[in-house]
Amino acid sequence: MRGVALGICPDASLVDITHHIEPQDILGGALELCRRLQILPARHRLSLRRRSRRRLRATRTRGRSGRAIVRRAGQRSVDGGLQRCCAEARRGVDRAERTRGRRRVARLKDAIGSRPPRRGSRKGSTSPRLGRPLAAWQLLDIPEPRAEQRQLSGVVLRVDRFGNLITNVDRRSFEQFAAGRPIEITRGRTSP
Amino acid sequence: MTRLVAAYADAETGSICALFGSTDHLEIALTGGSAAERLGLTRGAPVVVRFDAFP
């Protein structure tokens, strides 16, 4: 795929951003992709490729003009439509950045679920080169933190390559309960 | 752990801290090391955030 991309757009620079994701770690890949989509500078595009059937990688591409072409027109999608959905999500993030203060896209799902802009809009009209859109989403089952009287109970969703523990306690739930009060984070007990 | 920081750099080296990462999820980190190894936690480990923990 690198060869194809560079064949079409020789000036593109390709940067792997999920090379530390273990094979079959779909949740890890999804969280990383969601994270990158939000912090990726404008005029970059994410593409996904599957490696040896098991590994899914996201690649950041950038051309001289700021547009990256990752697949030939009419070519069948190699990623089942994920690439197009990333473009849709990226476009949602771009739009949210333009309307800063009114709304900020926090989740990949929200971004994908947003209504696409008209064709030919200034930023990010989805190219047919990106293939057919993904028809059936497989949503990941990410557990919600459980709120109790004076505590939020969650789980570690992922351990990244630095050993950081990423939990399912989101900021909104946290702030709703914290309200500026002192907190203590402890290791929970595993159910017998 | 009782310290919530804005960025990894705000925590003292070698200390465990908590912060919200770019995905807006609470992360537990050890500056200069692996929190997973230090705490012996892995994916699926339960975590409890207690409020009003101190009188």
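Lettering follows sequence order; numbering is per chain, from 1.
- Looking at B:Val47 and A:Val156, their side chains come closer than 4.5 Å, going by heavy atoms from C-beta outward.
- A pairwise comparison of heavy atoms in B:Ala36 and A:Val159 identifies CB-CG1, 3.7 Å as the closest pair.
- The line from CZ of A:Arg172 to CZ of B:Phe20 is 12.0 Å long, rounded to the nearest 0.5 Å.
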Full working for side chain to side chain contact (heavy atoms under 4.5 Å, CB included) between B:Leu30 and A:Phe162: CA-CA 9 Å; B:Leu30 169 66; A:Phe162 302 109; over 6 Å; no
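- Within the model, atoms CG of B:Leu39 and CD1 of A:Ile185 stand 10.5 Å from one another, a figure rounded to the nearest 0.5 Å.
- Proximity of a side-chain donor or acceptor of A:Thr167 to a complementary backbone N or O of B:Leu26 within less than 3.5 Å is detected.
- No other option in A:Gly154, A:Ser153, A:Ser173 has as many heavy-atom pairs under 4.5 Å with chain B as A:Gly154.
- Using a 4.5 Å cut-off between heavy atoms, A:Val169 touches chain B through backbone and side chain atoms alike.
- Within the model, atoms SG of B:Cys17 and CG of A:Asn164 stand 8.0 Å from one another, a figure rounded to the nearest 0.5 Å.
- For B:Ser34 against A:Gly163, the heavy-atom pair with the smallest separation is OG-CA, 3.4 Å.
- In this structure A:Glu148 satisfies the salt bridge (Lys or Arg N to Asp or Glu O under 4.0 Å) test together with A:Arg146, sequence neighbours excluded.
- With sequence neighbours left out, the salt bridge (Lys or Arg N to Asp or Glu O under 4.0 Å) criterion links B:Arg38 to no other residue.
- For the atom pair CZ of A:Arg158 and OG1 of B:Thr42, the computed distance is 12.0 Å after rounding to the nearest 0.5 Å.
- Separating the NE2 atom in B:His25 from the CG atom in A:Leu157 is a distance of 6.0 Å, to the nearest 0.5 Å.
- Both the backbone and the side chain of A:Phe174 have a heavy atom closer than 4.5 Å to some heavy atom of chain B.
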